Amino acid sequence: MNILVGISQVPDTTTKIVIGADSKAIDSKGVKYIMNPYDEFALEEALRLKEKNGGTVTAVTVGGDTAKEVLRTALALQVDKAIFIKSDSADSFVIASNLAAVAQESKPDVILFGRQSIDYDSFQVAPMVAELLDMPSVTMTSKLEINGTSLTAERDIEGGKETVSASLPAVISAQKGLNEPRYPKLPDIMKAKSKPIEERATTSTAARTEIVGMELPAAKGKGKIFGDSDGDISELVKLLHEEAKVI
Amino acid sequence: MKILAYLETLDGALKKTAFETITAAQTLAKQSGGSVVGLVIGSADTAQAGVYGLADCLVAKHALLEKQSTSAFAETIAQAAKAENADVVILPASSTGKEIAPRLAVKLEAGLAPDTTAHEIVGGDLIATRPVYAGKARLKVKITTAKKVVTIRPNVFTAKKADAAATVANRDFAPNLSDNHVKATVTSVSRNIGKLDVSEADIIVSGGRGLKGPENFHLVESLAGTLGAAVGASRAVVDAGWRPHGEQVGQTGKTVSPTLYIAAGISGAIQHLAGMSSSKVIVAINKDKDAPIFQIADYGIVGDAFEVLPKLTEKVKSVVHR
Ligand SMILES: Cc1cc2nc3c(=O)[nH]c(=O)nc-3n(C[C@H](O)[C@H](O)[C@H](O)COP(=O)(O)OP(=O)(O)OC[C@H]3O[C@@H](n4cnc5c(N)ncnc54)[C@H](O)[C@@H]3O)c2cc1C
Ligand SMILES: Nc1ncnc2c1ncn2[C@@H]1O[C@H](COP(=O)(O)O)[C@@H](O)[C@H]1O
């Protein structure tokens with residue numbers, strides 16, 4: 001089974017966001033970058049599919065030079081091949097086009113992504129790649145079974161779950177719960193440092209969106225904090241009813 | 001601008017997101033000087049859309065649409081957008097809307113602004129605002145293509161009734177579909193019957209590790225029951241197996257923006273705030289006055305949840321008369 005997995009690099013979830021000088025992106029000074037948490041589930045699923053069915057796992061990243069680090073992590077986790085495409089674009093269509101171009105060349109049976117990258121929270125790349133490749137897609141997958149050339153997946157919906165079936169090749173985006181990702185072992189991390197990363201030129205796709213600005217959300221005024229006496233609780237209920245008008 | 005509003009339905013009725021989509025579409029039509037046409041897929045009673053001012057609605061029917069395939073839905077919406085010469089298509093950022101919109105954008109060669117919370121027309125351009133970095137920042141993004149696709153975050157665009165209700169004129173729309181458009185199909189759906197989901201609730205009462213064990217969540221459930229609210233949870237209690245995963249609010253759980261969010265025994269870790277900080281009113285109950293949750297709370301009670309929750313439930317009862 002030929003498996004392609006898209007992984008992106010994002011700021012650590014605890015990062016304090018400071019807006020950069022051009023007000024169009026965050027200030028990257030002091031920010032710790034990690035593999036997008038949802039992509040850990042995608043990568044783990046790719047490795048398990050290979051362990052079960054044989055084949056190869058290729059990891060691909062589109063990003064700036066520092067994004068190569070996530071490919072080192074993927075190599076430490078024993079992916080067979082790592083592909084890096086240098087691009088600073090934040091436009092999802094540009095990223096999806098680059099990923100689709102890699103898929104057109106390697107003809108994977110399964111393409112795995114994370115549910116969303118936690119920087120821009122776009123939730124676009126997986127269905128876009130599927131559309132570009134004329135393939136089925138299942139997003140937010142919390143359970144996946146592949147039998148021969150068909151798949152059954154469970155995905156989260158409002159107030160429940162749905163079961164979806166499709167045939168391969170297909171695009172899957174991973175939700176938490178799909179699996180428990182493994183950690184790389186120290187010797188493998190060392191070995192991964194000298195493994196090759198293939199570089200590809202970016203496609204000449206034009207962006208379809210443009211960032212105009214980024215700002216911090218308006219700071220909240222200091223809240224009204226009470227003690228726990230009967231009077232305090234009555235006052236809170238009164239304010240929720242009469243001031244905030246939410247109950 | 002001509003705006004196509006995709007209206008979601010469930011069991012033959014328009015969903016709440018459909019009315020929000022109409023409101024967002026009409027606001028944009030007003031700003032840009034244009035009109036709105038609705039689109040439903042399958043049979044549904046569209047009369048209620050008139051209450052929110054929608055007068056013109058396409059009803060798409062085709063045997064292949066019964067398979068609930070998002071790729072066939074995307075193709076149908078793309079064909080409708082072309083037939084109506086729509087400049088903008090608006091969809092809800094729901095679990096299906098989020099799967100349809102990227103495909104639709106590719107089909108229409110349109111730029112996509114996902115999960116938006118506000119729109120403005122500046123010099124003929126559509127600029128959308130959306131939360132990024134889990135709500136820690138707001139991005140303004142311009143769609144630079146002629147055709148545009150926008151999804152809206154549920155619960156943000158409050159549905160507004162029209163001054164005078166409109167009568168909805170339904171127009172049949174027959175998309176041209178083939179088997180190749182049906183890619184992944186929904187074979188079954190399991191709903192948590194009788195349980196309101198956090199992603200759709202107006203009020204959420206969430207419990208965290210401060211509740212000490214699953215046996216104490218009846219305190220959260222009874223306040224939720226009194227308020228007609230959904231029960232939510234922090235990741236700590238979901239990972240501990242006290243509550244189902246579907247209730248988890250936060251970065252790796254659900255993103256919610258209810259009118260009222262009550263957090264009991266939740267510290268307010270940044271990954272929890274990521275999922276709920278855009279709630280309109282936040283109430284925190286925590287025995288530690290320095291818990292970070294108080295920094296974003298509009299109202300707070302410093303106290304023991306075991307004592308505060310039952311008292312709060314009693315006092316709320318006298319106000320809500322449910
Ligand atoms: C990549 C990543 C993703 C994550 N995603 C999420 C996510 O989606 N959602 C999420 O919630 N977390 C998430 N987390 C975990 C998050 O960092 C916290 O660990 C978690 O939110 C803590 O849950 P808690 O507030 O219930 O528990 P704690 O942090 O242990 O807080 C318990 C609180 O209860 C209070 N308390 C104790 N006893 C009482 C009492 N009797 N009455 C009142 N108050 C009391 C304490 O003062 C404390 O503030 C994520 C973490 C990572 C690294
Ligand atoms: N720059 C990128 N390089 C590789 N994969 C990416 C990139 N951006 C997004 N992806 C993949 O697409 C998924 C969804 O991302 P997004 O649509 O940006 O929220 C991510 O979880 C990744 O698996």
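A quick note: this is a predicted structure, and the numbers were derived from the prediction, not measured. To find a chain, count down the sequence lines: A is the first, B the second, and so on, and within it residues start at 1. Basis for what follows: all heavy atoms, side chains included, without hydrogens, waters or symmetry-related copies.
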Separation of [Y] [atom2] from [X] [atom1] (nearest 0.5 Å):
{"X": "B/L196", "Y": "A/E158", "atom1": "CG", "atom2": "CD", "answer": "12.0 Å"}
{"X": "B/L312", "Y": "A/D232", "atom1": "CG", "atom2": "CG", "answer": "12.0 Å"}
{"X": "A/S137", "Y": "B/K183", "atom1": "OG", "atom2": "NZ", "answer": "9.5 Å"}
{"X": "A/I26", "Y": "B/L139", "atom1": "CD1", "atom2": "CG", "answer": "11.5 Å"}
{"X": "B/T145", "Y": "A/F93", "atom1": "OG1", "atom2": "CZ", "answer": "10.0 Å"}
{"X": "A/I225", "Y": "B/D298", "atom1": "CD1", "atom2": "CG", "answer": "9.0 Å"}

Which atoms of [X] come close to chain A, meaning under 4.5 Å heavy atom to heavy atom: side chain ones, backbone ones, both, or neither?
{"X": "B/V283", "value": "side chain"}
{"X": "B/A110", "value": "backbone"}
{"X": "B/D202", "value": "neither"}
{"X": "B/D115", "value": "neither"}
{"X": "B/D125", "value": "neither"}
{"X": "B/K315", "value": "both"}
{"X": "B/K289", "value": "neither"}
{"X": "B/E99", "value": "both"}
{"X": "B/I127", "value": "side chain"}

Minimum heavy-atom separation for [X] to [Y], with atom names?
{"X": "B/A184", "Y": "A/V164", "result": "CB-CG1, 3.6 Å"}
{"X": "A/I19", "Y": "B/A137", "result": "CD1-CB, 4.3 Å"}
{"X": "B/D197", "Y": "A/G159", "result": "CG-N, 3.0 Å"}
{"X": "A/D121", "Y": "B/R130", "result": "O-NH1, 3.9 Å"}
{"X": "B/S95", "Y": "A/D156", "result": "CB-O, 3.8 Å"}
{"X": "A/D228", "Y": "B/G303", "result": "OD2-CA, 3.7 Å"}

Mark yes or no: A/K224 above the aromatic ring of B/Y299, with NZ or CZ under 6.0 Å from the six-membered ring centre and no more than 45 degrees from the axis.
no

Picking from [options], which has the most non-hydrogen pairs under 4.5 angstrom with chain B?
{"options": "A/M135, A/M140, A/Q175", "answer": "A/M135"}
{"options": "A/D119, A/I211, A/V246, A/V237", "answer": "A/D119"}
{"options": "A/S142, A/S117, A/G213", "answer": "A/G213"}
{"options": "A/M214, A/M128, A/K222, A/K176", "answer": "A/K176"}
{"options": "A/A130, A/G177, A/P37", "answer": "A/A130"}
{"options": "A/G223, A/A166, A/S165", "answer": "A/S165"}

Closer than 4.0 angstrom, basic N to acidic O: yes or no for A/E215 and B/K140?
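Looking at B/K140 together with A/E215, the answer is no, because their closest N to O distance does not fall below 4.0 Å.
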
Is the closest basic N to carboxylate O distance between A/D134 and B/R103 below 4.0 Å?
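Answer for the salt bridge query: no.
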
Assess whether side chain to side chain contact (heavy atoms under 4.5 Å, CB included) is satisfied between A/T209 and B/L112, documenting all intermediate values.
CA-CA 7 Å; A/T209 57; B/L112 166 61; 5.8 Å; no

A/E131 vs B/L104, side chain to side chain contact (heavy atoms under 4.5 Å, CB included): CA-CA, chis, key distance, verdict
CA-CA 9 Å; A/E131 183 64 29; B/L104 175 64; over 6 Å; no

Less than 4.5 Å to any heavy atom of chain B: does that hold for the side chain of A/L236, its backbone, both, or neither?
side chain

Residue part contacting chain B, namely of A/A207, when any heavy atom lies under 4.5 Å
backbone

So, A/T13 and B/Q251: side-chain donor and acceptor under 3.5 Å apart, yes or no?
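Per modelled atom types, A/T13 and B/Q251 side chains form no pair under 3.5 Å.
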
For a side chain to side chain contact (heavy atoms under 4.5 Å, CB included) check, start with the C-alpha distance between B/K98 and A/Q124, then their side-chain angles and the critical distance, and finish with the verdict.
CA-CA 8 Å; B/K98 286 202 275 204; A/Q124 295 186 33; over 6 Å; no

Under 6.0 Å from the CD atom of B/E109, do we count more than 12 heavy atoms belonging to anything else shown?
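No - once you tally the heavy atoms of other residues, nucleotides and ligands closer than 6.0 Å, there are 12 at most.
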
Given side chains that start at C-beta, do those of [X] and [Y] come closer than 4.5 Å, heavy atoms only?
{"X": "B/V141", "Y": "A/V212", "answer": "no"}
{"X": "A/I157", "Y": "B/T96", "answer": "no"}
{"X": "B/Y133", "Y": "A/V10", "answer": "no"}
{"X": "B/K311", "Y": "A/D230", "answer": "yes"}

Chain B contact residues among residues 146-154 of chain A, heavy-atom distance under 4.5 Å
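Result: none.
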
